[in-house]
Structure formats: structure tokens, C-alpha cells
Amino acid sequence: MNQADLSKLVSALRIAVKPKPKLLSCPEGPAGRLKKLRATVTALVKYERIELNYPRAEEAQGYAERLISDAIRNGDCHKHTMEMADYWLNEKQLVHKLFKVLVPRYQNYNSSFTRLVLGPKTYPGYYAGTAILELKGNPFPALQPETHNYHFWLHNVLLEEAKKEFRSAREERNAGTTESVTAES
Amino acid sequence: MAGHLLKYFTDALVKFEYVYLTPLLRPPTPQWIPLVVQAPQQLMEKDASFDIKSIFDGFLWGVPTCRRTAEKRMMRKYGAPNWHNKLILPRKDIKTCGTCGHNHEVGRLCPNCYSKVKAETSILQEKMVQELGLNPIDKEIAIVYQGEKNQFDDEFFKGKRVVQIEKPRPKWFSKNLLQRSGPNANLSNSEVTTIKPHDLG
């Protein structure tokens, strides 16, 4: 059977989308799960950085990415996208934020729009631990410091050359001493 | 007189012979075999039916039927690496943070560093939410700390909603977030902005 090419129908998200939804248990069942995830997505768009347990963060990330991606692809005049934004965002001022602030921000992004970082685990604690879900480009201090060390930075280039010089000088000295020893013997 | 005495003795002898001697001499009758033969300690009666469950009336309980193999013993005691490992192994996934020196699990944030970031972030978020309220949000946020208003030019605030924070900027939160550092900087950009060391946070 030939499978139809669905890649153009659904926006290709820049995150690992799981095939099955995670069944977050709650007394209200699947409806309660969606209610919880709606609250999470609303909070993410409102506060731009939230700390919560890893399983729900992972689920909410997928829904948030899809919402933003659809908003970018279709814009605010698309009926279905507006209905989705209305459903997922409980506070209606955030619908404005999605189309007016987040869409221009992520227009030319080649990466994902959200970042999911594993937070510190307190012993004994919950087995999956906390996670911090944030929208990229937020005005807050960075969670992980940028610790890049490229070899073509000037100070690294100079250090490499200095190392080479030192090693060659040491080899010359060692060769000199061994030659003198052999000459003596 | 002598005749009577003699008769008395002969009668007694006959009696004696009849009571005591003749039983010993004549063949034994079934009635008195047990008295002659040495009887057993317990008189075993021949039971008509035998109940197997009567064996438990004593102390016959469950006992092992097979010897436990060495493999089973080892599995129970130490577990298996891919199953349930019962050995206490050292934690090799704890590293020291390069920035502050506290310990944290590999792949997770340092709790000391994150607590500082979290405290600052919550202050900023509170102020942001307070400023924006329930009005439609249509602009990006520009965070300005105490005494920084004049350091930014008007172009920076164009199309942004200013959020003033009534405290000085933390030393570790760099102001220079607009400039990209590193090789991915836009080299085609003709504007060369020089950053003075005191401007770096």
C-alpha cells in the first residue's frame, strides 16, 4: 500500500514528537488531561518560563510548538488557527500576544520555539524531576551559560601556537642533553 | 486311716497334673497362644480403612524437594544488571558546576545557579504581569533596571513595552544580550559596534 505524503499537511515541528500521547492521570480522565495541558500552555505563553514536572512539560511543549507553528503558517485570519488559539489560551489577552508578539519573534526561526531544560532534583523527590519550559527569546537571564570554546578564537589560536613553541623547545633541549650524554659515553 | 491319706494325696496329684502339667504337655489351643508367645508392645489392630491425611496429624510439613541452584541463589542475592540490580553502585553522574562549585547531576541544572536565576526571573515575571495586566499584549518587553534608562537610546525602546525594575541590575545578568558573541555573528553587517569592558555585565 502506498502511503500518501503527509509531510506537507502537518507542520514539521523542530522537536521530537512522540507517536502516542502521555496519559497524564487525573480524576476527570482525558478531558481533565487536556484541561491541565491548556493551563500549562497558557502559563507558558503568559510567563514565558515555567517550572513544572517533566512529563507534563514534555506534553505541553508539543502543543505549544504546534500552536505557534500554525499561527506562523496561517496567520490570525485563518479560522481554525484562531479557534485553536481560543481553545488553548485561557486568558484572551494572550491570543493577541501569540499573533502580534510571538509570530514576528519566531518568523525566521530554523530551530524550535521552546526550550525544555531539566531542572535540579531534590532528594528524595519525584522520579522524573522538575523541568523548566521556556519560550526562546525571553528577556530573562539565561538558564544555561553559554560555554563555547572555539579553536579559531584569537586567544585559543595564540595559546595553541605557544604550546607548539614550548614543546619544540623542550624536544630540542632533550635532544641536546641526550646527544651530550651519548658523546660522553 | 492310711488308706484315706493315700487317697487324699493321689487325688491332689491328679488335680495338680490336670491343672498344671497336662496343659504344658498337650498341643496348644488357639485361645491361649498369645499368653505363651511373647506379645508385641502395642497391640496392632487390623484397620478396615486407611486415611492418607492422617500423615499430617503428626509433624509432616512442606520441605524443599530440590536443591536451589547456584544461579538462582546468585540472582536472588545480587540481581542482574539489566533486570533489578541489588548491588549498591557508586553514583558517577554527579559533577561539579564550573561556575559556582556546587554539585549537580549530569544533564541537570546546578541548583545553586538556578536558584539565583529563578529568584530574579520571578521578580521580572511579577513586574511584567503587573504592567501588562489583562490588556491585549502587542509589544515585546524591554527590561530596564534602576539607573539604566539613560544608557539606552530611543531606538532600543521602539516598539517595546518598558518594564522598570526598582533594583540595580545583578552583576551576573549581562546587559549586552543584544549583541551576539562568537563566530555566528552577522559579518555582513557594516555597523561595527565596539563594546567597552565596563558595558559587559
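By convention in this document, chain letters (A, B, ...) are assigned in the order of the sequence lines, proteins followed by strands, and residues within each chain are numbered from 1. Note that this is a predicted model, so its numbers are computed, not measured.
- Judged by distance alone, the side chain of A:E59 and the main-chain N or O of A:K22 form a donor-acceptor pair under 3.5 Å.
- With a 4.5 angstrom heavy-atom cutoff, A:K46 touches chain B via backbone and side-chain atoms both.
- With a threshold of 4.5 angstrom between heavy atoms, A:V117 approaches chain B through side-chain atoms but not through N, CA, C or O.
- A salt bridge does not link B:D51 to B:K53: none of the charged side-chain nitrogens sits closer than 4.0 Å to a carboxylate oxygen.
- Among the candidates B:M128, B:K116, B:H104, B:E120, the residue making the largest number of heavy-atom pairs closer than 4.5 Å to chain A is B:M128.
- The aromatic rings of A:Y150 and A:W153 stand perpendicular to each other, their planes meeting at an angle above 60°, with 30° marking the opposite boundary.
- Side-chain atoms of A:N138 come within 3.5 Å of backbone atoms of A:L135 as a donor-acceptor pair (strictly under, hydrogens ignored).
- Considering only heavy-atom pairs separated by less than 4.5 Å from chain B, the leading option among A:L118, A:L98, A:T130, A:L94 is A:L118.
- A salt bridge between A:D70 and A:R66 is present, with a side-chain N of the basic residue lying under 4.0 Å from a carboxylate O of the acidic one.
- If you measure heavy-atom distances from B:D138 to chain A, the contacts under 4.5 Å come from both the backbone and the side chain.
- The closest side-chain donor-acceptor pair between A:Q61 and A:T114 falls under 3.5 angstrom.
- The contact between A:A142 and chain B is made entirely by backbone atoms, counting heavy-atom distances below 4.5 Å.
- When the candidates B:V117, B:L124, B:T121, B:T99 are compared by the number of heavy-atom contacts under 4.5 Å with chain A, B:T121 comes out ahead.
- Proximity to chain A (any heavy atom under 4.5 Å) is shown, for B:L134, by both the backbone and the side chain.
- The pair B:E140-B:R161 fails the salt-bridge criterion, with no side-chain N (NZ, NE, NH1 or NH2) lying under 4.0 Å from an Asp/Glu carboxylate O.
- Using a 4.5 Å cut-off between heavy atoms, A:I132 touches chain B through its side chain atoms alone.
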